[in-house]
K.L.:
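Submitted below is the structure of interest, expressed as structure tokens.
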Amino acid sequence: MGRLTAWVDRRFPFSVLVRTSMTEYYAPKNFNFWYFFGSLALLVFATQIISGILLLAHYQPSAKAAFNSVQSIMYDVKWGWLVRYIHTTGASLFFVVIYLHMLRGYLYGSFKRPRELLWLIGVALYVCLMGEAYFGYVLPFGNMSYWGGQVITSIIAAIPYVGGWLASVLRGSFGVGTPTLTRFVAFHAVLLPALLAVLILTHLLALHEVGSNNPDGVEIREHLDARGQPVDGIPFHPYYTVKDMFGVGVFLVVFCAIVFYAPTFHGLFIETYNFSPANPLKTPPEITPAWYLAPYYAMLRAVPNKAVGIGILFAAIIAPFLLPWLDHNPVKSSRYRPVYRWMVIVFVLTLVALGWIGMQPAIPALLPPARILLALYFLFFLSLPIVSRLEPTRPVPERISAS
Amino acid sequence: MIARLAALLLAVIAVHAAAQTPPLVAPPVAFNRATIRRGAQWFAQYCLSCHSVKWIRYDRLTRDLGFSKDAVRQQLMFPSGAHLARGMVPTLSAKDATAWFGVAPPDLTLEARLRGGAWIYTYLRSFYFDPTRPSGWNNRLFPNAAMPNVLAPISGVENAKGRLIQRGRLTPKQADQVIGAITVWLEYTSDPSKLERERLGPYALGFVVLFAVVAYLMKRAYWRDVS
Ligand code: HEM
């Protein structure tokens, strides 16, 4: 141990932290593909912060200048295009990563005792991330930004009692304009990143308190060796640091391929109508949200009554928070719960289909399927208390089956 | 069930298709510096009198496309008062333009991002002679467009049925090459980084692939003793 480390250690628990959270933090040895996405979420968060700071050096939050300042980043600022494409690609890939991360939780029952709080913090992170993405989406003040800003704030305005007040706080005036942008930049660049950072930290603290779940859903801490360490655990460092590095490598290949060869991703990562400036007199032919929020938009449109639609939207976002208390089966992993496994598969397909509908024009032919899918979404949560008590399960191994 | 789904898909496709008659045709030219340069010259000659591409500064064309400063001055900077370090903006003011055409000719820097290259190419080939319009022109893709068919001298004049009623200076094939080059030029203006991206892409990808391979080998080495 170097003298510097010793000096620091007398004043700050540096070595203790490294030991307890890295070299002597034991993780199950059977992590698979699905366990790459937590560390990738950290990577994307860091990327977004750094590229975001660079963008802020040139961005101007006013109705007159915002669009032009973004174009000047693209055309005049050296490497500006690279920074902006990294930020837009990062935003979409953040959601890809988070959706896969959450799906892992569904698949292996990671939300169950003792990880309920870890899960709640995770869902809170997801909700904050949606807010972060929405505020960011409005900032470049293209025409889709503008109309997206209009539509969402008017949905908020329709919330009973507090809606009008909340919408006016967000907009800062009657319409969406400079006061909206100055607020949104504060939310997007300060409030929500700070909230995300704190939540990520608590997320990791909670994780290290209870330890990771794994694809078998058995607790490694129930089988300790003579030194009191889990028999089926391996030290996080170096085993999972090198493994996660490999995940980072593969992820960066995908990331670079998009940034360099398909940065708009056919209008999915940068919306086509956002290449024309905000124009209150010119509604885009279709106002559709970014792909990662599209399922919720489809749910909203599936209900004719606005207030009811907002209620349903609210319920849809709340539902995952309740998961730990809806699922009563002591078996965690879907590997040993064939019925539940199919429920998760149908649930994922439901969300994909809803997302697709959410990005289509509002045509009547899509209304019945949207309603069926909406029902399926809630059916997953509503049937879980019953199914989880009755479903047949396969025998769960005492210890991790194979690495 | 399957019939229902098929009907649904058809309905969605119909809604998407309704917005775009006639069918969009992609330009028959490659995206490269030579084509963009030709497109820039045609654009300066035939379009820059009305349309700006304001985000493109003249001097970046020397860096991006390999024009010499003199070539830019002589072949591209037609509007009087243009400056090498400034954007490509016509002398025609938006106010005058609105008075003349009823609509100000929009800035075309981002047009290819907004509409797509195929749309622009098809639009420029869809003009026809229409005596009922004040300008004498109409457009199949963009009915009642306020823009006259400025390319008529080179591509000729079509009637409403799409028959050539007056030949242009170039054969239809040659004219398509010109229109294609103009389209590719507008694709360049909508994202000049594309040239740089395609140059740097292989290096960036090569680096991260190498990183992934090394990380994989390290992972394998470290994990050898894990059973
Ligand atoms: C900014 C967003 C997030 C970051 C940076 C993050 C980070 C992490 C990291 C590094 C891990 C450990 C590695 C792994 O298990 O993959 C983890 C585990 C976990 N996260 Fe997240 N996470 C985020 C969002 C979420 C969300 C949205 C949820 C769920 C709604 C969630 C739920 C969980 C759960 C349940 C675990 C433990 C999983 C297990 O042990 O099987 N996290 N997170």
K.L.:
For B:Asp64, is it the side chain, the backbone, both, or neither that has a heavy atom closer than 4.5 Å to a heavy atom of chain A?
P.N.:
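For B:Asp64, no heavy atom lies under 4.5 Å from chain A.
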K.L.:
Given heavy-atom pairs under 4.5 angstrom as the criterion, report whether the side chain, backbone, both or neither of A:Asn68 touches chain B.
P.N.:
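Its backbone and side chain both get close to chain B.
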K.L.:
Can you check whether anything in residues 199-210 of chain B gets within less than 4.5 Å of chain A, heavy-atom wise, and list it by number?
P.N.:
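Those residues of residues 199-210 of chain B which have a heavy atom under 4.5 Å from chain A are B:Leu200, B:Gly201, B:Pro202, B:Ala204, B:Leu205, B:Val208, B:Val209.
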K.L.:
Shorter than 4.5 Å, heavy atoms on both sides: which option in B:Met218, B:Glu198, B:Glu196, B:Glu111 has the most such pairs with chain A?
P.N.:
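The candidate making the most pairs under 4.5 Å is B:Glu196.
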K.L.:
Take B:Val214 and A:Met245 through the test side-chain contact (heavy atoms from CB on, under 4.5 Å) and record every step on the way to the result.
P.N.:
CA-CA 9 Å; B:Val214 170; A:Met245 270 301 141; over 6 Å; no
K.L.:
Quick check on B:Asp107 against chain A: is it the side chain, the backbone, both or neither that has a heavy atom closer than 4.5 Å?
P.N.:
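Contact with chain A involves no heavy atom of B:Asp107 at all.
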K.L.:
If we only count heavy atoms from C-beta on, is the B:Tyr216 to A:Val242 side-chain gap below 4.5 Å?
P.N.:
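With C-beta onward as the side chain, the pair stays apart.
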K.L.:
Which is it for B:Lys219 and A:Tyr239 under the side-chain contact (heavy atoms from CB on, under 4.5 Å) test, yes or no, and what are the steps along the way?
P.N.:
CA-CA 7 Å; B:Lys219 188 258 164 189; A:Tyr239 292 103; over 6 Å; no
K.L.:
Could you tell me whether B:Arg63 atom CZ has more than 12 heavy atoms of other residues or ligands within 6.0 Å of it?
P.N.:
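Enclosed: over 12 neighbouring heavy atoms sit under 6.0 Å from CZ of B:Arg63.
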K.L.:
So what's closer than 4.5 Å to chain A heavy atoms on B:Arg220: side chain, backbone, both or neither?
P.N.:
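Looking at B:Arg220, nothing touches chain A.
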K.L.:
Counting C-beta onward and ignoring hydrogens, is there a side-chain heavy-atom pair between A:Lys243 and B:Tyr222 closer than 4.5 Å?
P.N.:
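Answer no - side chains too far apart.
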K.L.:
Could you tell me which non-hydrogen atom of B:Leu114 sits nearest to which non-hydrogen atom of A:Tyr273, and how far apart they are?
P.N.:
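Nearest pair, atom of B:Leu114 first, then A:Tyr273: CD1-CA, 4.1 Å.
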K.L.:
Applying side chain to side chain donor-acceptor pair (under 3.5 Å), name anything that partners B:Thr35, two or more places apart in sequence or on another chain.
P.N.:
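Per chain and number, B:Thr35 pairs via side chain to side chain donor-acceptor pair (under 3.5 Å) with B:Asn32.
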K.L.:
Pick whichever of A:Gly249, A:Pro364, A:Pro238, A:Pro368 has the most heavy-atom pairs under 4.5 Å with chain B.
P.N.:
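Sorted descending by pairs with chain B, the first entry is A:Gly249.
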K.L.:
For residues 72-82 of chain A, give me every residue with a non-hydrogen atom less than 4.5 Å from any non-hydrogen atom of chain B.
P.N.:
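The list, in residue order, reads A:Ser72, A:Tyr75, A:Asp76, A:Trp79, A:Trp81.
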K.L.:
Do B:Asp191 and A:Tyr85 come within less than 4.5 Å of each other through their side chains, counting heavy atoms only?
P.N.:
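B:Asp191 vs A:Tyr85: side chains touch.
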K.L.:
Show the atom names and distances, to 0.1 Å, of all donor-acceptor pairs under 3.5 Å that link a side chain in residues 251-272 of chain A to residues at least two apart or in another chain.
P.N.:
| residue | atom | partner | partner atom | Å |
| --- | --- | --- | --- | --- |
| A:Glu271 | OE1 | A:Tyr137 | OH | 2.7 |

K.L.:
Looking at A:Phe246 versus B:Trp223, is the centre-to-centre ring distance below 6.0 Å?
P.N.:
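They do not qualify: ring centres at least 6.0 Å apart.
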